[in-house]
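Okay, so here's the structure we're looking at.
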Amino acid sequence: MQESVRRVRKLAVFVAVLTALAAPALARAGDVAMRVQEIALHGRVLQAAQPPMNFNMFATHWTGSGTVFFRTHRLHGSWSAWTAADADGDHTGAWHDGSLDWTGASDGIQFRTTGSVERLKAYELWSRVTTAARGLSSATEPAIVTRAQWHANQEIVRAKPIVAPVLKLAVVHHTAGSNSYTRAQSAAIVRGIQLYHVQGNGWNDIGYNFLVDRYGTVYEGRGGGLTKNVVGAHAEGFNSGTVGVALIGNFSVATPPKAMQDALVNLLAWRLDVAHIDPLATVAYTSGGNLKFKAGKVVTLHAISGHRDTGPSECPGAKAYALLPGLAQRVAETGLPKIYSPIVAGVLGGPVRFRARLSSSLPWTVTVTSAAGEVAAHGSGSGDLVDWTWQSPTEKASYTWTIATDGALSATGTIGGPVKAPPPAALAITAVSTAPPLVSGTAMVTFTLSVAAHVTATLTDAAGNSRQLFDGDEPVGVNSVAWDATGVVDGRYSLTLVASTSTATATQSAPVIVDRTLTELTVQDTSVSFSLSQTVPVVITVQQGDSVLATLYSGTLAAGQHTVSWDGTDGLGTLFPPGDYTLVVTFTDALGAVPVSAPVVLQPVAA
């Protein structure tokens with residue numbers, strides 16, 4: 001969630017100037033005021049040297065590996081319970097950037113620390129509660145409270161928005177503050193978050209692209225345009241090409257209310273449709289670097305992911321995170337029909353191919369229009385795949401293309417224009433995977449090449465012994481090559497692909513397990529069947545992401561065919577909601593614990 005080091009240095013200068021003018025520092029921004037105080041680390045109960053101003057939002061920054069606890073005193077009331085400050089993995093240099101809490105009107109703050117805490121700062125904010133007009137919705141766009149309507153402060157914004165060339169996925173967050181706020185207080189919370197993100201954390205603007213309150217109201221976040229791919233500061237290393245949506249509140253224990261879930265579904269259904277993204281797709285994203293994924297690491301993410309999927313965080317809380325697969329399914333079913341992944345390949349003077357995928361089988365058209373508005377070419381067809389090729393003219397001109405189907409948001413773009421020789425693409429080999437992940441016979445290696453190259457694949461065991469699997473020329477784009485594990489002994493291997501051209505070489509590796517203990521894994525409805533070649537300990541679980549929801553079996557199974565059924569409950573009688581789940585069969589043999597997974601869909605119970 002960090003901006004640049006240069007901007008952090010600007011923050012340090014800003015705080016120093018405020019300190020020189022007044023102690024403690026006080027920053028005013030329209031309807032919001034913030035004061036920063038350094039807390040002396042002496043005594044069992046810590047507090048600022050100066051009495052705090054009246055505040056209704058609070059955050060803390062600290063350095064060191066320890067934990068900070070705080071409690072607040074309600075105005076004309078009592079002390080709250082002690083609460084651990086939550087930085088949620090966010091850092092500005094050595095500082096932990098604590099989450100901003102809505103405290104309600106308060107006039108006192110105290111701290112305790114455990115472990116090593118070297119410095120501690122308190123951020124007291126008062127955000128005036130005002131009525132924010134709700135935006136108007138249209139047939140395609142949900143109602144959104146704009147920045148002007150929630151009174152965003154444009155004067156504190158540090159830089160013009162940066163717009164990414166494409167949107168790849170959505171990242172869902174929670175603000176990790178209080179769930180006890182009124183509808184009227186939501187806009188005040190959003191204003192406080194903006195001021196804290198800019199003048200507390202040193203970011204350009206509010207970090208999120210959108211925020212959703214527990215009443216189902218959607219707020220525009222970082223400025224730059226609702227439909228533009230504005231780069232936020234919400235997921236360090238994964239900010240470019242992602243839209244960050246924050247649920248206002250803490251959903252580690254509490255479940256997001258229905259109104260909040262419904263608003264999130266409608267918002268994502270619209271925003272992903274604008275970018276023509278399939279909500280149920282997966283995306284290979286190259287990390288820009290954080291404490292979990294180093295720079296250059298290719299991470300496979302869902303089109304609707306949680307913040308914890310991108311970095312060292314528990315966000316958006318366990319309860320909200322568990323809902324994401326089901327919410328993604330709802331997003332996919334909202335606002336149909338839709339056009340997914342439009343692709344135009346080719347250059348003027350030759351064949352130009354237009355492709356896309358539709359959410360269902362429908363009649364479709366492709367229209368190419370000249371700069372003068374005249375139709376230069378037109379194609380049509382029917383089905384769930386758009387695939388049409390235009391034999392384009394050789395003249396240097398600019399054209400607009402549109403892929404359309406009745407009821408869907410059209411996909412459009414341009415082709416042609418001033419001709420510039422593109423720089424040669426750098427050689428890269430990415431997105432290496434093997435299917436099935438547990439190899440017992442023939443397997444398929446899939447990888448992506450940035451340019452056409454000669455590719456060799458080598459399988460290497462732990463002792464360094466290698467065997468070549470294939471060797472040949474492969475085209476640019478996604479490639480799949482089959483290889484046979486016959487003669488390969490069971491074991492853990494590294495599959496290394498080397499791509500080479502006349503001027504460059506690129507290498508990428510992926511782990512491979514060859515194991516013939518478990519074969520013929522199939523899922524029928526909610527039953528999993530498989531065959532074992534030997535007697536082994538087996539554990540069968542139901543999961544969503546990394547969370548184990550139920551254990552269907554744990555024990556030793558003999559060699560032979562086995563089938564285990566799931567009744568849709570946690571084993572104690574509680575029925576899980578309909579949605580997407582994963583059945584994971586983990587067996588233990590000479591290679592250790594080997595998990596094999598298969599998706600399963602739990603259907604609604606018939607009335």
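Because only heavy atoms are used, hydrogens play no part in the values below, and waters and symmetry mates are left out as well, while side chains stay in.
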Can you check whether [Y]'s main-chain N or O pairs, donor with acceptor, with [X]'s side chain at less than 3.5 Å?
{"X": "Lys292", "Y": "Arg308", "result": "yes"}
{"X": "Asp580", "Y": "Gln329", "result": "no"}
{"X": "Asn56", "Y": "Ser127", "result": "yes"}
{"X": "Ser80", "Y": "Thr72", "result": "yes"}
{"X": "His96", "Y": "Gly64", "result": "yes"}
{"X": "Gln185", "Y": "Val129", "result": "no"}
{"X": "Asp213", "Y": "Tyr215", "result": "yes"}
{"X": "Ser359", "Y": "Leu336", "result": "no"}
{"X": "Thr334", "Y": "Asn266", "result": "no"}
{"X": "His276", "Y": "Pro342", "result": "no"}

Do [X] and [Y] have side-chain heavy atoms sitting under 4.5 Å apart?
{"X": "Tyr340", "Y": "Pro279", "value": "yes"}
{"X": "Tyr123", "Y": "Lys121", "value": "yes"}
{"X": "Ile304", "Y": "Leu327", "value": "no"}
{"X": "Leu323", "Y": "Thr255", "value": "yes"}
{"X": "Pro316", "Y": "Phe251", "value": "no"}
{"X": "Arg191", "Y": "Asn153", "value": "no"}
{"X": "Thr175", "Y": "Ser99", "value": "no"}
{"X": "Val198", "Y": "Val157", "value": "no"}

Using the test salt bridge (Lys or Arg N to Asp or Glu O under 4.0 Å), find all partners of Arg74 that sit at least two apart in sequence or belong to another chain.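 Here no residue qualifies.
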Taken in chain and number order and not counting sequence neighbours, the residues that satisfy salt bridge (Lys or Arg N to Asp or Glu O under 4.0 Å) with Arg128 are Asp31
Would Asp309 and Phe238 satisfy side-chain contact (heavy atoms from CB on, under 4.5 Å), going step by step from the backbone distance to the final call? CA-CA 10 Å; Asp309 296 322; Phe238 293 79; over 6 Å; no
Work out which heavy atom in [X] is nearest to a heavy atom in [Y]; give both atom names and the distance.
{"X": "Gly288", "Y": "Ala295", "answer": "O-CB, 3.6 Å"}
{"X": "Asn209", "Y": "Gly232", "answer": "ND2-N, 4.4 Å"}
{"X": "Thr310", "Y": "Asn290", "answer": "O-ND2, 2.8 Å"}
{"X": "Gly98", "Y": "Ala59", "answer": "O-CB, 4.0 Å"}
{"X": "Ala506", "Y": "Leu427", "answer": "N-CD2, 3.8 Å"}
{"X": "Ile339", "Y": "Ser410", "answer": "CD1-CA, 4.2 Å"}

Salt-bridge contact Asp278-Lys338 (side-chain N to carboxylate O under 4.0 Å):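 The answer is no: the pair does not qualify as a salt bridge.
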Between Arg147 and Glu220, is there a salt bridge with N-O shorter than 4.0 Å?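 Judged by the 4.0 Å cut-off on N to carboxylate O distance, Glu220 and Arg147 do not form a salt bridge.
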Residues [X] and [Y]: side-chain donor-acceptor under 3.5 angstrom:
{"X": "Thr242", "Y": "His234", "answer": "yes"}
{"X": "His61", "Y": "Asn201", "answer": "yes"}
{"X": "Asn250", "Y": "Ser252", "answer": "yes"}

Assess whether side-chain contact (heavy atoms from CB on, under 4.5 Å) is satisfied between Gln194 and Ile156, documenting all intermediate values. CA-CA 9 Å; Gln194 184 200 22; Ile156 66 172; 4.0 Å; yes
Assess the residue pair Gln110 and Trp82 against the criterion (side-chain contact (heavy atoms from CB on, under 4.5 Å)); give the C-alpha distance rounded to whole Å, side-chain angles, the decisive distance to 0.1 Å, and a yes or no. CA-CA 9 Å; Gln110 292 181 340; Trp82 287 99; 4.0 Å; yes
Should Val171 and Leu301 be marked as a side-chain contact (heavy atoms from CB on, under 4.5 Å) after you check the CA-CA gap, both sets of side-chain angles, and the distance that decides it? CA-CA 10 Å; Val171 181; Leu301 299 168; over 6 Å; no
Rounded to the nearest 0.5 Å, how far apart are [atom1] of [X] and [atom2] of [Y]?
{"X": "Thr113", "Y": "Leu41", "atom1": "OG1", "atom2": "CG", "result": "6.0 Å"}
{"X": "Ile206", "Y": "Ile193", "atom1": "CD1", "atom2": "CD1", "result": "5.5 Å"}
{"X": "Leu125", "Y": "Ile189", "atom1": "CG", "atom2": "CD1", "result": "12.0 Å"}

Is the terminal nitrogen or CZ of Arg271 (NZ for Lys, CZ for Arg) located under 6.0 angstrom from the six-membered ring centre of Phe210 and within 45° of that ring's axis?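 Geometry flag: not set, cation outside 6.0 Å or 45°.
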Just checking, Arg214 and Tyr181: is the charged tip under 6.0 Å from the six-membered ring centre and within 45° of the axis? yes
Please evaluate residues Phe58 and Phe111 with respect to the criterion ring-ring contact (aromatic ring centres under 6.0 Å, His included), reporting the C-alpha separation (whole Å), side-chain torsions for both, the decisive distance (0.1 Å), and the verdict. CA-CA 12 Å; Phe58 169 78; Phe111 303 90; 5.7 Å; yes
